[in-house]
Amino acid sequence: MLFHSSIRKELARGFGATFVALITIVMTMMLIRTLGQASKGVVNPSEVMMVLGYTVLGYIPTILTLSLFVSTVATLSRMYRDSEMVIWFASGHGLIGLLKPLFRFAWPILLVVAAMALIVWPWSNQQIQDMKDRYEQRGDLERIAPGQFQESANGSRVFFVDKDTPDKRSGNNVFISSLEHGKETVTSARSAEITNIDKKQFLMLHHGQRLESTLGEPDLKVSEFEEYGTRVGDNALGSSDAPPSRVRNSLDLVLEPTPLNLGELAWRLSLALAALNFVTISLAVAGGNPRSGRSGSMVFALFAFIIYYNLLNLGQNWITNGAVAFGSFMLSLHGGVFILSMGWLLVRHYQWSWRSLVARKRTGAAA
């Protein structure tokens, strides 16, 4: 039908423009956050763009859902204002008849949202986690930067180099503070260089001083040296714990239904189910009431979107803490929203109101 094709074309234009605007905003916000993490030493500064790409990729389901919701509400509201809906109603069709062209346009987006939430979301989180782990487990020598205090991989030593040389293997005004086996040691030297001894890397300090004290005791041992070597470059981190639920694939979450895994699984499934419900909600909330202004329905739609997604986050926390069951939450939230949106749509489709119901009841009683 020509009317259906025109709706889908307008929806495609609105969806594309909204998606570009939202992805630009999200990328700007995530870039600021990623740069902040890089400045704190959480991620490798050279991998900022990769972390940004994976982070934005994880937010694609939410961006697609919001773009679909906003474009649908905006398109239908414009049709109300321009009296195109009057022509649709005059042809003998109602609001429910618009569900078919809407879902014909939305079904590829809904499939992409489901695939991104169930497959791409844990994969992108795994890539980000791997990059953070590699950067966290880098050797002590890789952590040393001129003019900055840097902590070793196991957190037992702090390094400071005032100035390095072009070959990156020597420096001046070196400071090392370490805490090992109940002893605190502070070592300073005028210069230092990296030396390989028996295929092991040592930091050789020249013309310095060493202060050693035992925790809880007043003694202090001071010594001066012409040359002193300390081994650096080893990764002292032990084996990592079990991976967090957000980086595990969806099948593993199903096979291991712990409260934490079920909470993560509920979040992923909720992204797909929420996108499906938003198509129905958009048709129910769209309108062209001149008294509410041009953006009245859009403001209400965004308010409904925020409430719905906050409920998804609350539900994940409730399931993780064992406050509610997985099935009960999914059925009550998404099933309840679907029933409410369809009920609202039916009310608008048949133009039901309290006055019409009361008048019909009075007419039936009089008859």
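In the model, His206 has no side-chain atom that pairs as donor or acceptor with a side-chain atom of Glu226 under 3.5 Å. With hydrogens and angles left out, the side-chain atoms of Asp130 and Gln126 include a donor and acceptor closer than 3.5 Å. For Thr258 and Asn261, the side-chain atoms include at least one donor-acceptor pair closer than 3.5 Å.
At a threshold of 4.0 Å, the pair Arg78-Glu10 counts as salt-bridged, since one of the basic side-chain nitrogens sits closer than that to a carboxylate oxygen. A salt bridge between Glu256 and Arg248 is present, with a side-chain N of the basic residue lying under 4.0 Å from a carboxylate O of the acidic one.
A distance of 13.5 Å separates OG1 of Thr34 from OH of Tyr54, quoted to the nearest 0.5 Å. The distance from atom CD of Gln127 to atom CG of Leu57, rounded to the nearest 0.5 Å, is 10.0 Å. Atom CE of Met30 and atom CD1 of Ile23 lie 10.5 Å apart (nearest 0.5 Å). One distance of note links CG of Leu271 with CG of Leu276; it measures 13.0 Å at 0.5 Å rounding.
Between His334 and Tyr308, the angle of the ring planes lies from 30° to 60°, which puts this pair in the tilted group. Between Trp344 and Phe300, the two ring planes are perpendicular [angle over 60°; tilted spans 30° to 60°].
The minimum heavy-atom distance between Phe15 and Ser71, with the atom names listed, is N-CB, 3.5 Å. Residues Phe329 and Leu311 approach most closely at CZ-O, 3.7 Å, considering heavy atoms.
Follow the hydrophobic side-chain contacts under 4.5 Å out from Leu312 and you never reach Leu260; the two are in separate clusters.
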